[in-house]
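To keep things clear, I will list the structure first and then write my remarks on it.
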There are 2 protein chains.
Amino acid sequence: MSDTSPRIDRPLPRVTLREGAAHALRQTVLTGRLAPGAPVVEAALARSLGISRAPLREAIRELLDEGLLVQHRAWGGVTVAPLDATVARELYTLRTALEVFAFEHVWDRRDDAFRSALSKSHAALTQAIDMRDDEASIAAEFALHNVVYEAAGHGLLLQSWSAIRGRLALYWAAHHRAHGRPGPRRDAHDDYIRHAIGPDLDAMREELHDHMQRGLSTVLRFIENRKEQAS
Amino acid sequence: MSDTSPRIDRPLPRVTLREGAAHALRQTVLTGRLAPGAPVVEAALARSLGISRAPLREAIRELLDEGLLVQHRAWGGVTVAPLDATVARELYTLRTALEVFAFEHVWDRRDDAFRSALSKSHAALTQAIDMRDDEASIAAEFALHNVVYEAAGHGLLLQSWSAIRGRLALYWAAHHRAHGRPGPRRDAHDDYIRHAIGPDLDAMREELHDHMQRGLSTVLRFIENRKEQAS
DNA sequence: GCTCTGTCGATTGTCGACAGTAGAACTTTG
DNA sequence: CAAAGTTCTACTGTCGACAATCGACAGAGC
């Protein structure tokens with residue numbers, strides 16, 4: 001029983017309107033077309049997407065769980081999550097813990113595929129920075145860290161990381177729009193990669209704390225500037 | 001401008017059908033009235049709850065995010081999450097990391113209120129075990145660990161813990177129904193409390209790893225027995 | 001003038017009905 | 001009898017309309 005049909009890598013995603021709406025809404029938030037704090041009105045949004053409110057509501061619930069939208073109480077309406085220094089600090093401290101955990105898990109299982117994926121994504125990040133493509137830089141940085149989380153082979157960890165990643169993207173994207181130069185510095189990940197491939201796990205732990213601390217400082221400075229600019 | 005109106009403890013909860021349905025469905029899963037692996041059919045459930053499918057669907061999405069339900073693909077139908085040894089291992093390893101993180105955060109801020117809440121919930125747990133009230137034992141153990149997560153004052157951590165807690169409850173509840181004696185051993189948390197109040201953070205870290213390892217072993221044994229019993 | 005109350009418009013929460021899909025049951029065909 | 005094709009059915013995904021709720025505003029009463 002040979003199959004004459006061409007091999008398909010994976011069944012193409014039967015996309016529902018809810019999934020499409022969630023994706024579109026996510027992009028709208030991350031590109032800032034809906035600014036932090038802006039109200040999200042169901043009827044208007046549904047009309048603009050050309051769908052009914054039912055699937056859109058489910059998509060909104062999805063983004064609420066991701067932390068990109070917030071709802072204060074029932075019938076209160078939902079808004080885009082505002083930028084907040086406390087949340088930013090929590091993002092980076094928890095992210096540090098998760099990434100340390102990821103490295104502890106992957107450490108003894110690091111193979112050539114891991115090292116190659118790491119340096120490959122690092123090269124892509126460097127190139128994106130060189131080309132002054134800020135949006136690509138952000139995506140590349142996510143991809144770089146994603147390599148580690150994927151390699152850990154820990155489903156629950158991956159899920160927790162995803163929950164954080166969404167919020168993080170919100171801050172980076174806002175930063176990106178505010179300045180012309182939003183992406184990470186060109187050499188920001190050199191030490192990170194070096195230690196990630198190296199032999200010393202403790203050194204990697206320390207590097208992670210430093211790396212995150214630097215990232216957090218940048219975000220906090222941005223938030224502070226933004227606040228006094230608003231006043 | 002003194003307020004003459006009577007003091008109200010808290011604004012009465014404007015509960016929506018979606019919230020009510022989510023709560024009811026969660027209880028149904030955790031009490032095993034819907035066993036792991038069982039299909040969840042919208043129309044039937046909505047009828048039995050006396051509501052329409054729209055709010056129920058949103059409630060189902062909520063439980064999907066909590067990991068209590070799973071959906072393989074669109075139009076595939078959702079089922080109660082099955083018990084799985086790999087997921088159990090992930091639950092306990094990640095939980096260890098989170099709880100270590102929580103203690104690191106709270107360590108220098110431990111005050112009398114913290115210590116009192118801890119010993120209080122420990123007493124409640126011991127009492128529930130003595131009274132052979134298994135359901136109360138589980139609730140009390142959650143409450144005990146919750147004290148730590150709350151005290152850490154880290155919103156994002158609390159959220160990650162909640163995501164894990166739901167799944168954990170699924171395993172504990174199944175274990176609870178299978179055996180007559182499901183709750184933790186009477187002295188299982190003695191060392192935990194002692195170190196949590198004590199001066200040595202490193203000792204607490206080690207105790208956490210041991211504590212979780214013991215819990216994981218119990219759950220894994222249960223899953224294995226369950227599997228061969230099914231065959 | 002100030003406070004309270006009733007009303008209105010806008011928005012969210014809910015409903016019943018319809019359309020589309022996947023899998024089971026059945027029929028056909030070699 | 002087995003394999004492929006064809007209905008059938010139960011279910012999920014989607015829709016438009018209705019009901020409940022909130023915030024703002026205007027008018028009544030003091």
Side-chain angles (χ1 to χ4, degrees), chain A residues 1-5 8 10-26 28-29 34 37-65 68-81, chain B residues 1-6 8 10-26 28-29 34-35 37-65 68-81:
Chain A
M1 49 173 278
S2 69
D3 191 349
T4 59
S5 63
I8 303 290
R10 54 179 181 183
L12 60 129
R14 292 281 177 203
V15 73
T16 61
L17 290 189
R18 169 180 52 78
E19 291 172 288
H23 182 75
L25 185 50
R26 199 176 290 118
T28 307
V29 169
L34 272 171
V40 176
V41 180
E42 293 181 3
L45 203 54
R47 241 195 348 265
S48 94
L49 288 171
I51 64 176
S52 79
R53 283 176 50 215
L56 175 62
R57 279 176 63 88
E58 297 185 4
I60 288 177
R61 292 277 142 210
E62 214 168 308
L63 295 217
L64 281 172
D65 277 317
L68 265 55
L69 305 179
V70 291
Q71 177 171 38
H72 296 86
R73 60 185 190 291
W75 288 282
V78 316
T79 58
V80 179
Chain B
M1 52 175 276
S2 68
D3 192 347
T4 60
S5 65
I8 302 290
R10 53 179 182 183
L12 57 130
R14 290 298 183 191
V15 73
T16 62
L17 290 189
R18 169 179 50 76
E19 291 171 289
H23 182 74
L25 185 51
R26 200 177 290 119
T28 306
V29 170
L34 272 172
V40 176
V41 180
E42 293 180 2
L45 239 174
R47 236 192 2 259
S48 93
L49 288 172
I51 63 175
S52 79
R53 284 177 50 218
L56 176 62
R57 279 176 63 88
E58 297 185 3
I60 288 177
R61 290 280 143 211
E62 214 169 307
L63 295 217
L64 280 172
D65 278 317
L68 266 52
L69 305 180
V70 291
Q71 176 172 39
H72 297 86
R73 59 188 189 292
W75 288 281
V78 317
T79 59
V80 179

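Lettering follows sequence order; numbering is per chain, from 1.
In this structure, CD1 in A:Ile60 is found 9.0 Å from CD in A:Gln71, a value given to the nearest 0.5 Å. A distance of 4.0 Å separates CG of A:Asp65 from CG of B:Asp65, quoted to the nearest 0.5 Å. Separation of atoms CG (A:Leu69) and CG (A:Leu64) is listed at 5.0 Å; rounding is to 0.5 Å.
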In residues 40-48 of chain A, what donor-acceptor pairs under 3.5 Å come from side-chain atoms, sequence neighbours left out?
residue, atom, partner, partner atom, Å
A:Glu42, OE1, A:Arg53, NE, 3.0
A:Glu42, OE1, A:Arg53, NH2, 2.9
A:Glu42, OE1, A:Arg57, NH1, 3.4
A:Glu42, OE2, A:Arg57, NH1, 3.0
A:Ser48, OG, A:Leu45, O, 3.1

Can you list, pair by pair, the side-chain donor-acceptor contacts under 3.5 Å of residues 18-25 of chain B, counting residues two or more places apart and other chains?
residue, atom, partner, partner atom, Å
B:Arg18, NE, B:Glu58, OE1, 3.4
B:Glu19, OE1, B:Thr16, N, 3.0
B:Glu19, OE1, B:Thr16, OG1, 3.1

With 3.5 Å as the limit, what N/O pairs link the protein to nucleotides 21-25 of chain C?
residue, atom, partner, partner atom, Å
C:dG23, OP1, B:Arg73, NH2, 2.2

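Contact between A:Thr79 and A:Pro39 at its shortest, heavy atoms only, is CG2-CA, 3.8 Å. Closest of all the heavy-atom pairs between B:Ala35 and B:Val80 is O-CB, 3.4 Å. Residues B:Arg26 and B:Leu68 share a closest heavy-atom pair of CG-CD2, 3.7 Å. For the residue pair A:Leu17 and A:Pro55, the shortest heavy atom distance occurs at CB-CB, 4.1 Å.
Counting 5' to 3', DNA chain D first comes under 4.0 angstrom of a heavy atom of chain B and last does so at the ends given by D:dC11 to D:dC22.
In this structure, the CD1 atom of A:Ile60 is 10 Å from the C1' atom of C:dT12, given to the nearest Å. Rounded to a whole Å, the CD atom of B:Glu19 is 9 Å from the P atom of C:dG13. Between the CZ atom of B:Arg18 and the P atom of C:dG13 there is a distance of 6 Å, rounded to whole Å.
The 5' end of DNA chain C is approached more closely, in terms of each residue's nearest nucleotide, by A:Val78 than by the other of A:Ala54 and A:Val78.
Considering only residues two or more places apart in sequence or on other chains, A:Ala54 meets the side-chain contact (heavy atoms from CB on, under 4.5 Å) condition with A:Ser52.
For the contact set between residues 39-49 of chain A and DNA chain C, defined by any heavy atom under 4.0 Å, the members are A:Val40, A:Val41, A:Glu42.
Here A:Glu58 lies out of heavy-atom contact (under 4.0 Å) with every strand.
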- Item | Intermediate values then yes/no, side chain to side chain contact (heavy atoms under 4.5 Å, CB included), B:Leu56 and B:Leu49 | CA-CA 9 Å; B:Leu56 176 62; B:Leu49 288 172; 4.0 Å; yes
